[in-house]
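Below: the structure, in structure tokens.
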Amino acid sequence: MLRLYPAGWMIPRTAVGDDVLGGVRIKAGGTVLVSPYVTQRMSTFWTDPTLFDPERFAPELPRRRYRYSYFPFGGGPHQCLGQYLFLLEAQLIVSTVLSRYRFRLREPVDLTPRLGASLQPKQRAELIITPVERPVGP
Ligand code: HEM
């Protein structure tokens with residue numbers, strides 16, 4: 001999910017010196033916006049880029065060739081302080097919650113991403129949460 005919908009979809013960086021990137025002149029002190037939302041969907045780096053396929057990240061697969069093809073927590077010396085905590089706690093939360101509840105949308109909504117300070121769906125999504133029925137018995 002963090003590949004297709006990175007909450008921090010836009011990460012600002014300040015240029016320390018004059019430079020030219022892709023033919024665009026950057027002045028020292030200028031702000032450059034880098035976006036995981038863009039690179040994590042580029043067909044240059046990903047086959048079937050819009051397909052949700054967590055198996056792409058299976059540990060037995062070779063490491064990604066391009067370091068910055070995936071950077072939902074930022075990159076370089078300045079990065080998200082909570083990334084390792086999040087990666088651990090997200091697995092525990094998602095697996096615990098999904099083992100006990102099922103989720104469905106209350107009504108159809110437009111889930112097209114809205115580019116705010118963080119990435120959100122265009123429309124508010126209300127969910128119905130139903131407990132998973134557990135078999136009774138010994
Ligand atoms: C889906 C989960 C999360 C995502 C996608 C995310 C993403 C990011 C991104 C993109 C940045 C900016 C990094 C940069 O400028 O290069 C950031 C900064 C930060 N994040 Fe996260 N984050 C997540 C969860 C967390 C959690 C769980 C914590 C704390 C427990 C946390 C704490 C921080 C802090 C403190 C910073 C600022 C670091 C600084 O300015 O030095 N984040 N995060």
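Note that ligands are numbered from 1 as they come in the structure, with each ligand's atoms numbered from 1 the same way. Just so it is clear, the model here is predicted, and its values are computed rather than measured.
In the candidate list M10, M1, E89, E89 is nearest to atom 27 (C) of ligand 1, counting heavy atoms.
For L98, the side-chain contact (heavy atoms from CB on, under 4.5 Å) partners are V94, F103, not counting sequence neighbours.
Listed by chain and residue number, the protein N/O/S atoms under 2.8 Å of atom 21 (Fe) of ligand 1 are C80 SG, with waters left out.
The nearest heavy-atom contact from the protein to atom 38 (C) of ligand 1 is Q79 O, 3.8 Å. If you check which protein heavy atom lies closest to atom 7 (C) of ligand 1, you get P72 O, 3.5 Å. Protein heavy atom nearest atom 16 (O) of ligand 1, with residue, atom name and distance: R13 NH2, 2.4 Å. Protein heavy atom in closest approach to atom 41 (O) of ligand 1: H78 NE2, 2.9 Å. Looking only at protein heavy atoms, the nearest one to atom 30 (C) of ligand 1 is L85 CD2, 3.5 Å.
Under the side chain to side chain donor-acceptor pair (under 3.5 Å) criterion, the residue pairs touching residues 59-81 are Q79-Q83, with sequence neighbours excluded.
Under a cut-off of 6.0 angstrom, the local environment of OH in Y101 is sparse, with at most 12 non-hydrogen atoms contributed by other residues, nucleotides or ligands.
For the pair L127 and L105, the minimum side-chain heavy-atom distance is below 4.5 Å. At least one side-chain heavy atom of T47 sits less than 4.5 Å from a side-chain heavy atom of R56. Counting heavy atoms from C-beta outward, V132 and R100 have side chains that stay 4.5 Å or more apart.
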Report all side-chain donor-acceptor pairs from residues 28-38 shorter than 3.5 Å, counting only partners two or more places apart or in another chain.
residue : atom : partner : partner atom : Å
S35     : OG   : W9      : O            : 2.6
S35     : OG   : Y37     : N            : 3.3
S35     : OG   : V38     : N            : 3.4

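A cation-pi arrangement, defined by a distance under 6.0 Å to the six-membered ring centre and an angle within 45 degrees of its axis, is present between R41 and Y5.
Proximity of atom 12 (C) of ligand 1 to the protein is not indicated, since no non-hydrogen protein atom lies closer than 4.0 angstrom.
Contact between L119 and P113 at its shortest, heavy atoms only, is CD1-CB, 3.8 Å.
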